[in-house]
Amino acid sequence: MKILVLGSGAREHAIITSLLSEEAGHDIVAAPGNAGIAQDVAVEPDLDPLDGVAVAEYAIENGVDLVVIGPEAPLVAGVADPLRTRGIPVFGPGRAAAQLEGSKAFAKRIMEAAGVPTGRAVRAETLAEAEAALDAFGAPYVVKADGLAAGKGVLVTADRAAAIEHSEHWLQRGGVLVEEFLDGQEVSLFLLSDGHDVLPLSPAQDYKRLLDGDAGPNTGGMGAYSPLPWLPETFVDEVIEKIALPTVRTLAAEQTPFIGLLYCGLIVTDRGIRVIEFNARFGDPETQVVLPRLVTPLSQLMFAAATGGLGGLPRPEFALDTAVTVVLASEGYPEAPQTGRPLTGLEEAAAVPEVTIAHAATARDESTGALLATGGRVLSVVARGTTFAEARERAYDAIGRIHLEGGQYRTDIAARVS
Ligand code: AMP
Ligand code: GLY
């Protein structure tokens, strides 16, 4: 199959690694990709993933069989729409359904219409409304920006003044949602959807805070592991029945079918499973631990989702081992990452058994060819093992071999799992 993958992060690198592991002779192109992706497949650095018309023209001219849209920005910008209009199979929802991620208020409305369990929330447009909602729910306070905010829009805090300051900041850029605090373990569950039927992937847990012990600010995600041995066996079935199918069917009934990856961000409270957010694409870094264990060919699943063919397919199969990923971030991430620094030791890291590296913000220096770190989250080290202890040891052995001045990573990913 000729597959065009849009995006340039570690998630897209993990998707490409998974497609290559099928050994099916796929012809894969990434736009724009990054330095690591360019080592593995062809890249089109000049094709703008946010320009749907250009992407559609490229796909037609080059005989692309499937377009996979990795990140949220092109989804929310509606890049899938001109592709679908022109009959190109595309994995990723159109602009309307991508609002499930792009607008927290839209997501809440769909959840309400679908009867999906979620925290109570109030949308505030003024500071007075936000303050009233904060006081009505009480501490700990949860304030969310009502739009895409690259992982920085959510504040969970016991500090009322900080909650008010965060509300003020995001009120100037649109509305905010003040939400009931939900207490429990977090789970990311990915489901493939063809607009009507869904198929689940293996659950994962993400570490959203910057520092060990879940301290520091929220980030895009600093590490993850999969599977989650502590989940009850009925968990995935319950999410399908109570959350994913009602959501997909509500969107279909509104003539905005969700075709792509439904990311359910969940909290397991003592009163049951609650949705904290939906995303319209694979999670990063959870994808880096979910896809390596996927046994069913990813290309078949994504193509079936893109062409309305998931119904009747068996659930995807997963290997029984474990996977752990640790994210290497630049100094100053998430507020003000230092960029342009040399990145070395990747070959030594990849030489650790069962370790792969998914590049995110990497580029080659044009004159020297040296690898540089060009953004906040630089790469994900991914390790597999028979046990979590083994996967963890490999991941940390590997990341210890990588050098980036000022580089930061958590040392407690998957430390307490058994
Ligand atoms: P989100 O961007 O919505 O995933 O939120 C980022 C993080 O904030 C989540 O991963 C949770 O750790 C936390 N969070 C979001 N909403 C809530 C909530 N209602 N109760 C407790 N924690 C939350
Ligand atoms: N890891 C969280 C996300 O992808 O949104």
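In listed order, ligands and their atoms are each counted from 1. Note that these values count all heavy atoms, side chains included, but never hydrogens, waters or copies made by symmetry. The structure displayed is predicted, hence computed values, not measured ones.
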Any pair counted as salt bridge (charged side-chain N to carboxylate O under 4.0 Å, His left out), so long as it reaches residues 277-297, sequence neighbours left out = Glu72-Arg281, Glu101-Arg281, Lys104-Glu277, Lys208-Glu277, Asp284-Arg377, Arg293-Asp321
Please report, to 0.1 Å, the donor-acceptor pairs under 3.5 Å made by any side chain of residues 347-362, with sequence neighbours excluded.
unit_1: His359; atom_1: ND1; unit_2: Gly36; atom_2: N; d: 3.3
unit_1: His359; atom_1: ND1; unit_2: Thr362; atom_2: OG1; d: 3.0
unit_1: Thr362; atom_1: OG1; unit_2: Ala35; atom_2: N; d: 3.4

key: Over 12 foreign heavy atoms within 6.0 Å of CD, Glu254   = yes
ask   = Looking at Val327 and Tyr409, what are the two nearest heavy atoms and their distance?
value = O-CB, 3.2 Å
note = Honestly, for Arg274 the part within reach of ligand 1 (heavy atoms, under 4.0 Å) is neither
Value rounded to 0.5 Å, distance of CG in Asp197 from CG in Leu310 = 6.5 Å
message = Heavy atoms only, cut-off 4.0 Å: how does Glu180 contact ligand 1, side chain, backbone, both, or neither?
response = backbone
task = Please examine the side chains of Ile273 and Phe235, heavy atoms only from C-beta on, and report whether any two atoms are closer than 4.5 Å.
result = yes
key: Min N/O separation Leu182 to ligand 1 under 3.5 Å   = yes
ask   = Could you give all pairs that pass the salt bridge (charged side-chain N to carboxylate O under 4.0 Å, His left out) test and reach residues 217-235, with sequence neighbours left out?
value = none
task = Report, in ascending order of atom number, the atoms of ligand 1 lying under 4.0 Å from any heavy atom of Lys144.
result = 3 (O), 15 (C), 16 (N)
Side-chain heavy-atom pair Val55, Leu83 within 4.5 angstrom cut-off = yes
task = Using a strict cut-off of 4.0 Å, indicate which atoms of ligand 1 neighbour a heavy atom of Phe181.
result = 20 (N), 21 (C)
ask   = Salt bridge or not for Glu131 and Arg160, using N-O below 4.0 Å?
value = yes
Check ligand 2 for N or O atoms under 3.5 Å from a protein N or O and list each pair with its distance.
unit_1: ligand 2; atom_1: 1 (N); unit_2: Asp206; atom_2: OD2; d: 2.7
unit_1: ligand 2; atom_1: 1 (N); unit_2: Gly220; atom_2: O; d: 3.3
unit_1: ligand 2; atom_1: 1 (N); unit_2: Asp284; atom_2: O; d: 2.9
unit_1: ligand 2; atom_1: 1 (N); unit_2: Glu286; atom_2: OE1; d: 2.8
unit_1: ligand 2; atom_1: 1 (N); unit_2: Glu286; atom_2: OE2; d: 3.4
unit_1: ligand 2; atom_1: 4 (O); unit_2: Arg281; atom_2: NH1; d: 2.7
unit_1: ligand 2; atom_1: 4 (O); unit_2: Asp284; atom_2: N; d: 2.9
unit_1: ligand 2; atom_1: 5 (O); unit_2: Asn279; atom_2: ND2; d: 3.2
unit_1: ligand 2; atom_1: 5 (O); unit_2: Arg281; atom_2: NH1; d: 3.4
unit_1: ligand 2; atom_1: 5 (O); unit_2: Arg281; atom_2: NH2; d: 3.0

query = In ligand 1, which numbered atoms sit nearer than 4.0 Å to a non-hydrogen atom of Glu179?
reply = 16 (N), 18 (C), 19 (N)
